[in-house]
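Note on naming: letters A, B, ... go to the chains in the order of the sequence lines (proteins, then strands), and numbering restarts at 1 for each one. On a predicted model such as this, the values are computed, not experimentally measured, just so you know.
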Amino acid sequence: ASTEYLQNYLDNEYYGSISIGTPGQQFTVLFDTGSSNLWVPSVYCSSPACSNHDRFNPSESSTFTGTNDSLEITYGTGSMTGVLGYDTVTVAGLQVVNQIFGLAETEPGDFFYYCPFDGILGLAYPSISSSGATPVFDNMMSQNLVSQDLFSVYLSGDEQSGSFVLFGGIDSSYTTNGITWIPLSAETYWEITMDRYVSVGGQAVACTSGCQAIVDTGTSLLAVPNSALSNILSYLGANSNGEISCQAINSLPDVVFYLNGNAFPVPPSAYVIQSNGYCTLGFEAIDVPTEAGELWILGDVFIREYYVIFDRGNNRVGLSPLA
Amino acid sequence: AVHRVPLRKGKSLRQILKERGLLESYLQQHPYNPAAKYFPSF
């Protein structure tokens, strides 16, 4: 069974469209570099929770092939189960044939009714794909649909539009400040090594002996170890809930990550989130198993500051400053 | 062979639940742990 933990997508704001089947059936999905499976709701899910979403109907696709393999998608309020099937998936005009994907069938928790996307398209490595399902980008590569075995992501901070995922190339207009390449430390998630401490205002606040980081478009904030979060909140003058005076933004320092010998600053304009006159820090605690060591998740707060190239051909991440 | 998928920035599920007064009860019933995505058994 495949398991997706949807509560982790509570904060995501960026969505795109794909179609599945022949003729194509449209879905809004989250492009998630922190997972590897593709799934969408199906017509077999008849609950009110599913009624607010587009649902895939296999009987209306001439290219669909079913399987008996099961799928489980765990939501915060329960789980949705389904089956795996194969069909043509169209992403940005690319037709990926025989793509395996999950068709969610049974009733999830009621809150799924409000979920702003229908499904998730995972862009991480096949090694973490549930049920051994081949990820979409692996099929794009094996079917020679992309000229380079990489994709890149730009997330715009302010505009409702302008953000994109680019399959098979790099948009040079977003790399005028140069690209720094960082080798992956594991071919699972897009995992890289932070080789020095994380600093705030020049002070080391965490990761003093090196640690791991995952670049994840499916996580909105900067997820940091519990121990580091208290240091960061204290240093930045926030309360324990991460709330801070909006007037303080101009005087706050950069948070700096060191990757492959290079500094990658994130300014307060990026890590302070303003909403309805209140300001909070865009950090959240992540409590990982001890054996996993110190793990950071560089989510959208980080990605909005850098054009990110996910290079499967060379197993590396490229970062180009946008400012 | 370069293909661009435009992404639109919209409301998050958290924002939607908050506007409908459902966020607090949801989070009370289902404490949020970002690690669950990377360590499901944890």
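Of the residues B:Lys11, B:Arg8, B:Gln15, B:Arg14, the one that meets the side-chain contact (heavy atoms from CB on, under 4.5 Å) test with A:Glu13 is B:Gln15.
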Side chains of residues 218-226 of chain A: which donor-acceptor partners sit under 3.5 Å, not counting sequence neighbours?
residue: A:Thr219; atom: OG1; partner: A:Asp216; partner atom: OD2; Å: 2.9
residue: A:Thr219; atom: OG1; partner: B:Tyr38; partner atom: OH; Å: 3.0
residue: A:Ser220; atom: OG; partner: A:Asp11; partner atom: O; Å: 3.4

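For the pair B:Leu22 and A:Tyr114, the tightest heavy-atom approach, listed with the atom from each and the gap, is CD1-CE1, 3.4 Å. Shortest non-hydrogen contact noted between A:Gly168 and B:Val2 is O-CG2, 3.7 Å.
For A:Ser185, the side-chain contact (heavy atoms from CB on, under 4.5 Å) criterion is met by A:Glu191, A:Thr193, A:Gln212, not counting sequence neighbours.
Top candidate by heavy-atom pairs under 4.5 Å with chain B, chosen from A:Ser17, A:Pro116, A:Ser161, A:Ser156, is A:Pro116. Among A:Ile286, A:Leu155, A:Val165, the residue making the largest number of heavy-atom pairs under 4.5 Å with chain B is A:Val165. Ranked by non-hydrogen atom pairs under 4.5 Å with chain B, the options A:Gly34, A:Gly162, A:Ala285, A:Gly93 are led by A:Gly34.
Using a 4.5 Å cut-off on side-chain heavy atoms (C-beta onward), B:His3 and A:Leu145 make no contact.
To the nearest 0.5 Å, atoms CG (B:Leu7) and CG (A:Leu30) are separated by 9.0 Å. Atom OG of B:Ser12 is separated from atom OH of A:Tyr15 by 6.0 Å, given to the nearest 0.5 angstrom.
Contacts between A:Ile128 and chain B at a heavy-atom distance below 4.5 Å are absent for every atom of the residue. Contact annotation for A:Ile170: neither backbone nor side-chain heavy atoms come within less than 4.5 Å of a heavy atom of chain B. For A:Phe151, no part lies under 4.5 angstrom from a heavy atom of chain B. With a threshold of 4.5 angstrom between heavy atoms, A:Ser152 does not approach chain B through any atom at all. In this structure, the portion of A:Glu284 lying under 4.5 Å from any heavy atom of chain B is its side chain and not its backbone.
Taking 4.0 Å as the cut-off between side-chain N and carboxylate O, B:Lys9 and A:Asp300 do not count as a salt-bridged pair.
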For A:Asp32 and B:Lys37, what are the C-alpha separation, side-chain angles and deciding distance, and is it a side chain to side chain contact (heavy atoms under 4.5 Å, CB included)?
CA-CA 11 Å; A:Asp32 179 18; B:Lys37 180 175 181 181; 2.9 Å; yes
Going through the distances and angles, do B:Val5 and A:Ile18 end up as a side chain to side chain contact (heavy atoms under 4.5 Å, CB included)?
CA-CA 9 Å; B:Val5 183; A:Ile18 64 168; 5.9 Å; no
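Within 6.0 Å of atom CD in A:Gln160, 12 or fewer heavy atoms from other residues, nucleotides or ligands are found, so the atom counts as exposed in its surroundings.
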